[in-house]
Amino acid sequence: MCNEVARRIALGELRQDWSQLKIPLRFPEGAPNMAPLASVRITDPTVIIRAARDEGGGAIAGEAELVTRRWSWPMAGGPGAGRPLYNYRSEGRRFANTATGGRCLVPVDGFYEFTAPTEPGQKRKTKWLFTPAPGGALDGAYLCIAGLWRADAAVGEAFTLLTCAPGPDVAPYHSRQVVLMPRAHWGAWIAGEVDAADLIAPAPAGSLAVARVG
């Protein structure tokens, strides 16, 4: 499961792309200092984009907002109680927006997966970086991972990444993949008005470039 991403995206890139979609991007907590990060891990803060909200928590139609939130909230019960919920299966769920949670997008320029050691004497797992492939279905300077945010009593508002069956680019490395939302669906995803099953799908072949980084 994905437990590390890279985020080296300039704030201006996000402003420009949402402007091209004709969706105003608001900064209700001020424009963040988006220092380039080669590694964002579970419990770290990073930026998310969600439907803009008014003072009462209601959605503002046709607008988005960017805020910084923690990756993962603690599981509430069962054998994993207290452990960070950083990935969440997407199958069979609708994911409606409410005043205390809902859909979001997590902009990253790449995500990492790990496989068993491949060389004699290698102790650590092999680390792979997945980035947008030029000319592919996710072509662009960065990716947007579909996620969920929620208000949690222990850690405040936090987010998790959605997962689905892997596409051909990811399948040789992992049995699941994070849900990568095509640019054309960004607005529909955060608005929460289109059924999740109509937007979530494995990434098509040739969407991702893969490079060994460790």
Heavy-atom check, side chain of [X] versus side chain of [Y], under 4.5 Å:
X: Leu162; Y: Ile200; result: yes
X: Arg70; Y: Phe159; result: no
X: Ser207; Y: Leu138; result: yes
X: Leu143; Y: Asp109; result: no
X: Pro32; Y: Leu11; result: yes
X: Phe114; Y: Asn3; result: yes
X: Pro74; Y: Val155; result: yes
X: His174; Y: Pro166; result: no

Between [X] and [Y], which heavy-atom pair has the shortest distance, and what is it?
X: Ala133; Y: Gly206; result: CB-O, 3.3 Å
X: Ile23; Y: Gly187; result: CD1-CA, 3.6 Å
X: Ser90; Y: Cys164; result: OG-CB, 3.7 Å
X: Pro28; Y: Val67; result: CG-CG1, 3.8 Å
X: Thr131; Y: Gly110; result: CG2-CA, 4.1 Å
X: Asp44; Y: Ser39; result: OD2-O, 4.4 Å

Please say whether more than 12 non-hydrogen atoms of neighbouring residues, nucleotides or ligands are located less than 6.0 Å from [atom1] in [X].
X: Arg83; atom1: CZ; value: no
X: Arg93; atom1: CZ; value: yes
X: Arg212; atom1: CZ; value: yes

Notebook entry, point to check: Quick one: which of Glu29, Glu63, Glu157 gives a salt bridge (Lys or Arg N to Asp or Glu O under 4.0 Å) with Arg53?
Noted result: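 Of all the options given, the one that passes is Glu157.
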Next item on the list: Show your reasoning for whether salt bridge (charged side-chain N to carboxylate O under 4.0 Å, His left out) applies to Glu91 and Arg176.
Entry: CA-CA 12 Å; Glu91 287 86 352; Arg176 303 282 293 173; 2.9 Å; yes
Check: Going through the checks in order, is the side-chain contact (heavy atoms from CB on, under 4.5 Å) test met by Thr126 and Tyr173?
Finding: CA-CA 10 Å; Thr126 302; Tyr173 306 89; over 6 Å; no
Margin query: Do Arg103 and Trp149 form a cation-pi contact, if we require the NZ or CZ to be under 6.0 Å from the six-membered ring centre and within 45 degrees of the ring's axis?
Written below: no
Note to self: For Tyr112, does the six-membered ring have the charged nitrogen or CZ of Lys127 within the cation-pi criterion, i.e. under 6.0 angstrom from the centroid and within 45° of the normal?
What the structure shows: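 Satisfied, under 6.0 Å and within 45°.
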Under 4.5 Å between side-chain heavy atoms, hopping through other hydrophobics if needed: is there a path connecting [X] to [Y]?
X: Leu161; Y: Leu105; answer: no
X: Leu14; Y: Ile145; answer: no
X: Leu208; Y: Val5; answer: yes
X: Tyr142; Y: Ile48; answer: no
X: Val47; Y: Trp186; answer: yes

Item checked: Steps toward side chain to side chain donor-acceptor pair (under 3.5 Å) verdict (Trp128, Thr115) -> CA-CA 8 Å; Trp128 305 91; Thr115 57; 2.9 Å; yes
Next item on the list: Would you please say whether a donor-acceptor pair under 3.5 Å links the side chains of Trp71 and Thr43?
Entry: no
Next item on the list: For Arg89 and Thr163, test the side chains for any donor-to-acceptor distance below 3.5 angstrom and give the result as yes or no.
Entry: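 Per modelled atom types, Arg89 and Thr163 side chains form no pair under 3.5 Å.
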Next item on the list: Take Glu65 and Leu25, measure what side-chain contact (heavy atoms from CB on, under 4.5 Å) needs, and give me the verdict at the end.
Entry: CA-CA 5 Å; Glu65 65 180 28; Leu25 182 60; 5.7 Å; no
Next item on the list: Using the six-membered ring wherever Trp is involved, compare the ring planes of Phe111 and Phe130 and label them parallel, tilted or perpendicular (cut-offs 30° and 60°).
Entry: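 The arrangement is parallel - the two ring planes meet at less than 30°.
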Notebook entry, point to check: Where the side chain of Trp18 meets the backbone of Ala64, is there a donor-acceptor pair that is under 3.5 Å apart?
Noted result: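 No: the side chain of Trp18 does not pair with the backbone of Ala64.
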Next item on the list: Test Arg183 against Asp17 for side-chain contact (heavy atoms from CB on, under 4.5 Å), laying out the working first.
Entry: CA-CA 9 Å; Arg183 185 174 304 241; Asp17 287 346; 2.9 Å; yes
Next item on the list: Decide side-chain contact (heavy atoms from CB on, under 4.5 Å) for Asn87 and Cys2; before the verdict, give the C-alpha distance in whole Å, the side-chain angles of both, and the deciding distance to 0.1 Å.
Entry: CA-CA 7 Å; Asn87 287 165; Cys2 181; 4.3 Å; yes
